[in-house]
Protein chains: 2
Amino acid sequence: MLSQDSIAAVNHFVRQVPCEAERPTLQGLFSRQPIEKFEAGTAVFWEGDEADHVFEVVEGVLRIYKILGDGRRVITGFMYPGDLIGVSLKDRYLYTAEAVTRIQVRRFARQRFQEEINRSPELRPQLFARLCDEMAAAQDQMVLLARKSAEERVCSFLLLISRRLDRDGQALRVVEVPMTRLDMADYLGLTIETVSRIMTRLTSRGVISPSGRHAIIVRKSDKLTTLAGEVEADHNPSAAYTHQAVWPN
Amino acid sequence: MLSQDSIAAVNHFVRQVPCEAERPTLQGLFSRQPIEKFEAGTAVFWEGDEADHVFEVVEGVLRIYKILGDGRRVITGFMYPGDLIGVSLKDRYLYTAEAVTRIQVRRFARQRFQEEINRSPELRPQLFARLCDEMAAAQDQMVLLARKSAEERVCSFLLLISRRLDRDGQALRVVEVPMTRLDMADYLGLTIETVSRIMTRLTSRGVISPSGRHAIIVRKSDKLTTLAGEVEADHNPSAAYTHQAVWPN
DNA sequence: CGTTAACTTGAATTTTGTCAATGCCTGTGG
DNA sequence: CCACAGGCATTGACAAAATTCAAGTTAACG
């Protein structure tokens, strides 16, 4: 994060191979674009809109969601500073992107973005790596939604966002939770009430303490990890293969 | 989509321009590799294995899954002929790939695969497009798991696989279902019993008829679509924005 | 043709959702 | 800076959906 900014600031949009020390980065691509601000609750784009631009989150948090025909909402992800939104080959956005907090973003025309990516053998693997990370996150979310209990979901979520903003991948003790209970519920496939009940339960067991409505303090980090159901499975093939036999019910 | 290809075709990072008629394809990359066969129930690779190779499915169906520490299984996808498996920048596979039926695959060393992709401005957008499709599918699956009822899930699944194998994107009347109820359950985030009950209900309502254990006939295609809960939401932004007001409960 | 795993069906239980009432932050305006 | 309004969040009682447990069936395979 720290180094990214300095690199970005130095980038000169070189077409010819940059022999110098600095290398182009995805952030660098956006760094010359003006910053745009959106108020909390406003949409950057809607599902189904012409997908003209790619966005980089500079500040704040957004929710990415889809809506079913009858109004059911599913938040497929929250986007934080440094994240890219709208990268796809489809000509229409597949989801709505909406500000959770007041946000700042930079915008890049999609076609030019594609050209830059295609031109640069430095940028391409960076973008590829991001897509792979996004895919891995999507798979983890499928695991959560398909098989985890409400409590495991909430704990997984708290761990996820606690790891989201810190530099070291170290979970923070004080965790900012900018989203509402409804956002959490729509992300976790639960109802507001269930999320609320579980937060209360975690509080009364001393695992977390609320710190206002939009932050918590993690008091028992290891307990939270256990409750998240992320106990690392051993990677022994035979154990995995025979899981039905090993855990008979 | 359309424009992407032309952009790619015009791209000048080509080392040796292939002026001839035939253009490289991802399939083409694999076509010189020997075919390997796996029996139903055997794994091509395990989650956590060194990610040395990328695979192309030539024949049959595979399941891609992850296992939680206590044995709960989540199938994140089924792979059909033409699909690529193991494309990622991680050095270990993120999931297990196991044959549902007897399968044929071709294998390509990952490093060489990366080199070929990097070398070829024709191949790159093809791979990118596949990753985007995979991402879109993952998001649809999150919607299914987060907010759809058991019946909607089963119907969505039947529609999905009915569209899977045919050339025209036309749903087939007779749908092969190579996977077991347990596979379906672990893909849909349900239990075998629930899947079974819903299949029975669909049958008794005349929506489908079973044709042996591993095929069904779709008798009321439109009904199946409705039950899948995929009634297209209108893409009117204000309608989407105010969904809580429009559907009050 | 028989064996066995896969599937179906039913009853009881659990989990989560729904509905409704109350409580409490947070941001606004005085 | 404080008071207050309104949106969020919490809590409880009840309902619904899906899971669990427990038999039975059936189809696929040797």
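So you know, we letter chains A, B, ... as the sequences are listed, proteins then strands, and number each from 1.
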Results of side chain to side chain donor-acceptor pair (under 3.5 Å) for B/Ser149 - residues two or more places apart only: B/Glu152
Ring pair (Phe, Tyr, Trp, His ring centres under 6.0 Å) contacts touching residues 177-229 of chain A (sequence neighbours left out): A/Phe78-A/Tyr187, A/Phe157-A/Tyr187
Polar side-chain atom of A/Arg106 near backbone of A/Gln33 as donor-acceptor pair, under 3.5 Å: yes
Sugar-phosphate, base or nothing in reach of A/Ser196, heavy atoms under 4.0 Å: base
Net bend of the helix from C/dC1-D/dG30 to C/dG30-D/dC1, end axes of five pairs each, nearest 10 degrees: 50°
With B/Thr225 via side chain to side chain contact (heavy atoms under 4.5 Å, CB included) - residues at least two apart: B/Leu159
Between C/dC24 (P) and A/Arg181 (CZ): distance, integer Å: 15 Å
Residues that B/Gln104 engages under side chain to side chain donor-acceptor pair (under 3.5 Å), provided they are two or more places apart: none
With sequence neighbours excluded, residues passing side chain to side chain contact (heavy atoms under 4.5 Å, CB included) with B/Ala137: none
Separation of D/dC21 C1' from B/Ile192 CD1 (nearest whole Å): 12 Å
A/Leu202 CG to D/dT11 P, straight-line distance once rounded to whole Å: 12 Å
Per-nucleotide protein contact string for nucleotides 25-30 of chain D, where B marks a base within reach and S marks sugar-phosphate only (heavy atoms under 4.0 Å, - for neither): -BSS--
Interatomic distance where CG belongs to B/Leu188 and C1' belongs to D/dT19 [whole Å]: 15 Å
Length of the line joining B/Met199:CE and C/dT9:P, which is rounded to integer Å: 12 Å
N/O-N/O pairs, protein side and nucleotides 13-18 of chain C side, under 3.5 Å:
{"unit_1": "C/dT16", "atom_1": "OP1", "unit_2": "A/Ala150", "atom_2": "N", "d": "2.9"}
{"unit_1": "C/dG17", "atom_1": "OP2", "unit_2": "A/Thr191", "atom_2": "N", "d": "3.3"}
{"unit_1": "C/dG17", "atom_1": "OP2", "unit_2": "A/Thr191", "atom_2": "OG1", "d": "3.3"}
{"unit_1": "C/dG17", "atom_1": "OP2", "unit_2": "A/Thr194", "atom_2": "OG1", "d": "2.6"}
{"unit_1": "C/dT18", "atom_1": "O4", "unit_2": "A/Arg197", "atom_2": "NH2", "d": "2.7"}

A/Arg201 atom CZ: more than 12 heavy-atom contacts under 6.0 Å: yes
Listed partners of B/Tyr93 passing ring-ring contact (aromatic ring centres under 6.0 Å, His included), at least two apart: B/Phe45
Length of the line joining B/Ile216:CD1 and C/dC7:P, which is rounded to integer Å: 14 Å
Sequence-distant partners of B/Lys66, side chain to side chain donor-acceptor pair (under 3.5 Å), two or more places apart: A/Asp140
Qualifying residues under side chain to side chain contact (heavy atoms under 4.5 Å, CB included), relative to A/Arg213, sequence neighbours excluded: none
Qualifying residues under side chain to side chain donor-acceptor pair (under 3.5 Å), relative to B/Asp52, sequence neighbours excluded: none
